[in-house]
Amino acid sequence: MRRRRAGGRTMVERASKFVLVVAGSVCFMLILYQYAGPGLSLGAPGGRAPPDDLDLFPTPDPHYEKKYYFPVRELERSLRFDMKGDDVIVFLHIQKTGGTTFGRHLVQNVRLEVPCDCRPGQKKCTCYRPNRRETWLFSRFSTGWSCGLHADWTELTNCVPGVLDRRDPAALRTPRKFYYITLLRDPVSRYLSEWRHVQRGATWKTSLHMCDGRTPTPEELPPCYEGTDWSGCTLQEFMDCPYNLANNRQVRMLADLSLVGCYNLSFIPEGKRAQLLLESAKKNLRGMAFFGLTEFQRKTQYLFERTFNLKFIRPFMQYNSTRAGGVEVDEDTIRRIEELNDLDMQLYDYAKDLFQQRYQYKRQLERREQRLKSREERLLHRAKEALPREDTEEPGRVPTEDYMSHIIEKW
């Protein structure tokens with residue numbers, strides 16, 4: 001009788017264990033789905049915009065307010081950059097945006113399987129892929145000014161493929177994939193910095209300004225000065241030259257100049273030209289693999305690392321400076337500079353908002369992933385603790401009635 005009762009109890013215990021395991025598993029999956037579901041539905045099929053009620057930034061920066069709407073596809077920037085394949089990073093270096101410092105970061109401060117070879121006394125570094133002697137970076141400090149001094153978007157997109165084909169003819173078997181990157185800066189600070197640089201003797205007169213297969217004529221792009229350079233020019237003289245390429249430089253260098261007849265100002269009316277340039281610059285900026293802002297060095301580093309899955313060895317430094325770049329100017333002068341750079345002001349406002357939203361989006365996704373991982377670990381730990389233990393004799397345990405009966409029957 002006792003044996004039958006013991007056997008029945010064992011069957012009941014086994015059934016109870018099975019039910020507990022199944023119930024625990026179902027609860028775990030329901031909790032996991034509830035928690036992870038919102039994070040898995042951020043992107044809509046076919047690249048459509050997310051639902052209006054979806055808030056990507058539940059904990060935004062208290063000093064930051066979104067100005068423009070960008071769908072998730074414009075915020076996601078996780079590329080499968082294949083350094084061992086045929087991918088190439090192309091750095092569009094706009095004057096006085098901190099591009100020299102960032103360019104040095106690319107060749108000296110990225111943790112690579114095969115670091116760039118930068119030798120003392122040489123202006124360029126050799127940045128080969130880990131598996132073959134072919135460059136993965138097109139920039140001032142790796143390939144030099146191969147498409148002209150401070151080549152713009154129009155020049156680079158038409159020049160880079162041919163330059164690399166001539167440098168690495170063996171790579172012609174496979175088409176390359178180009179990832180364009182750039183830096184932008186507050187237009188007033190950038191303009192004043194360029195003036196100071198020109199005042200010290202810089203000219204950039206060897207820039208080609210190639211567009212539609214030719215360089216601009218002297219009539220299309222008259223000089224602002226006579227002689228070898230413009231050293232010693234005052235800020236007023238710098239602002240008074242109507243042909244000064246410093247005006248709206250960032251828009252001009254990011255836009256497709258072929259759309260407006262290159263440097264031929266009579267090609268289309270001035271108002272329409274300005275609008276086309278601005279919209280083209282915005283479009284090209286959105287389409288770039290990455291862009292950073294001089295005023296946000298740490299965020300620039302963060303976004304670059306997570307876009308290309310590359311890590312910098314040393315953190316970027318943010319040097320605090322006034323908006324005027326250390327130059328003492330009055331409010332009237334600042335307003336005049338803003339008027340001269342109205343297109344750049346609009347582009348920077350747009351770029352800054354896109355930059356901040358991308359940063360917030362990346363940070364939010366990381367926080368969700370971290371919370372999900374921590375929650376999974378806690379749930380797994382609790383599930384293990386909740387599972388019934390095997391019926392094993394513990395040290396010092398008093399034998400039960402069924403156990404004693406089993407021993408007696410054996411005897």
Side-chain angles (χ1 to χ4, degrees), residues 76-95 97-183 206-208 210-211 213 253-254 256 284-285 287-292 300-314 316:
E76 290 177 329
R77 278 296 184 274
S78 296
L79 309 174
R80 294 183 178 180
F81 179 69
D82 187 5
M83 188 172 292
K84 294 183 179 180
D86 297 284
D87 296 350
V88 180
I89 294 177
V90 182
F91 180 32
L92 194 164
H93 183 174
I94 301 174
Q95 288 96 315
T97 57
T100 298
T101 299
F102 185 77
R104 289 198 177 102
H105 279 306
L106 292 177
V107 297
Q108 298 177 351
N109 193 28
V110 179
R111 185 174 285 109
L112 300 170
E113 182 179 342
V114 178
C116 295
D117 184 12
C118 301
R119 301 183 180 183
Q122 294 185 355
K123 294 183 179 180
K124 295 187 293 184
C125 303
T126 302
C127 298
Y128 284 146
R129 303 182 189 275
N131 54 339
R132 61 186 185 275
R133 295 171 64 85
E134 180 184 313
T135 186
W136 58 268
L137 175 65
F138 192 99
S139 72
R140 167 188 178 181
F141 293 116
S142 58
T143 55
W145 302 114
S146 301
C147 291
L149 181 62
H150 287 286
D152 56 30
W153 189 91
T154 305
E155 294 174 294
L156 288 176
T157 53
N158 287 281
C159 167
V160 171
V163 169
L164 291 183
D165 286 346
R166 291 190 293 272
R167 286 173 57 96
D168 305 307
L172 292 175
R173 296 187 299 268
T174 307
R176 295 183 181 87
K177 189 171 184 178
F178 299 105
Y179 294 96
Y180 285 84
I181 65 175
T182 194
L183 289 183
T206 57
S207 296
L208 299 176
M210 187 71 67
C211 180
M253 292 188 67
L254 288 174
D256 182 0
N284 293 336
L285 188 71
M288 283 186 164
F290 161 84
F291 72 88
T300 294
Q301 175 183 351
Y302 176 91
L303 286 176
F304 181 90
E305 289 180 339
R306 281 144 187 84
T307 299
F308 290 100
N309 196 25
L310 296 171
K311 294 292 183 181
F312 289 101
I313 301 170
R314 297 175 301 277
F316 287 14

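In this text the structure is predicted, and so the values were computed from the model without any measurement. Residue indices begin at 1 and follow the sequence shown.
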Kindly give the heavy-atom pair with the smallest separation between [X] and [Y], and that separation in Å.
X: Tyr128; Y: Trp136; answer: O-CD1, 3.6 Å
X: Leu156; Y: Cys147; answer: CD2-CB, 4.1 Å
X: Phe91; Y: Gly99; answer: CE2-O, 3.5 Å
X: Cys159; Y: Ser146; answer: SG-O, 4.2 Å
X: His150; Y: His93; answer: ND1-O, 2.9 Å
X: Gly103; Y: Phe141; answer: C-CD1, 3.6 Å

Mind checking whether [X] and [Y] have side chains closer than 4.5 Å, heavy atoms only?
X: Arg77; Y: Leu303; answer: no
X: Phe316; Y: Thr101; answer: no
X: Phe312; Y: Arg111; answer: no
X: Arg176; Y: Thr174; answer: no
X: Val163; Y: Thr143; answer: no
X: Phe304; Y: Leu106; answer: yes
X: Gln301; Y: His105; answer: no
X: Thr135; Y: Val88; answer: no

query: side chain to side chain donor-acceptor pair (under 3.5 Å) with Thr154: which residues, sequence neighbours excluded?
result: none
task: Could you give me the CA-CA distance, side-chain angles and deciding distance for Ile181 and Phe291, then say whether side-chain contact (heavy atoms from CB on, under 4.5 Å) is met?
output: CA-CA 5 Å; Ile181 65 175; Phe291 72 88; over 6 Å; no
field: Heavy-atom donor-acceptor pair, Arg314 side chain to Val110 backbone, under 3.5 Å
entry: no
query: Hey, does the side chain of Glu155 reach the backbone of Cys211 with a donor-acceptor pair shorter than 3.5 angstrom?
result: no
- request: May I ask you to check whether over 12 heavy atoms, not counting those of Asn309, lie within 6.0 Å of atom CG?
  value: no
query: For Lys311, does the NZ atom sit with more than 12 other heavy atoms under 6.0 Å from it, leaving out its own atoms?
result: yes
For the atom pair [atom1] ([X]) and [atom2] ([Y]), what is the distance rounded to the nearest 0.5 Å?
X: Gln108; Y: Cys127; atom1: CD; atom2: SG; answer: 9.5 Å
X: Ile94; Y: Leu183; atom1: CD1; atom2: CG; answer: 8.0 Å
X: Trp153; Y: Met253; atom1: CH2; atom2: CE; answer: 13.0 Å
X: Gln95; Y: Asp152; atom1: CD; atom2: CG; answer: 9.5 Å
X: Leu254; Y: Asp256; atom1: CG; atom2: CG; answer: 11.5 Å
X: Ser142; Y: Asp117; atom1: OG; atom2: CG; answer: 13.0 Å

task: Carefully, step by step, assess Phe138 and Phe178 under the rule ring-ring contact (aromatic ring centres under 6.0 Å, His included).
output: CA-CA 9 Å; Phe138 192 99; Phe178 299 105; 8.3 Å; no
message: Check the orientation of Phe102 and Phe290. Use parallel for under 30°, tilted for 30 to 60°, and perpendicular for over 60°.
response: parallel
May I ask you to decide whether [X] forms a salt bridge with [Y], counting only side-chain N to carboxylate O separations under 4.0 Å?
X: Asp86; Y: Arg132; result: yes
X: Arg167; Y: Glu134; result: no
X: Lys177; Y: Asp82; result: no

message: Between Leu310 and Met83, does the side-chain contact (heavy atoms from CB on, under 4.5 Å) criterion hold? Intermediate values first, please.
response: CA-CA 10 Å; Leu310 296 171; Met83 188 172 292; 4.2 Å; yes
- prompt: Hey, mind stepping through Cys118 and Cys125 against disulfide bond (SG atoms under 2.5 Å apart) and telling me if it holds?
  reply: CA-CA 4 Å; Cys118 301; Cys125 303; 2.1 Å; yes
field: Verdict with reasoning, Cys116 to Thr126, per side-chain contact (heavy atoms from CB on, under 4.5 Å)
entry: CA-CA 5 Å; Cys116 295; Thr126 302; over 6 Å; no
- prompt: Could you go step by step and tell me if Arg104 and Thr100 meet the side-chain contact (heavy atoms from CB on, under 4.5 Å) rule?
  reply: CA-CA 6 Å; Arg104 289 198 177 102; Thr100 298; 3.3 Å; yes
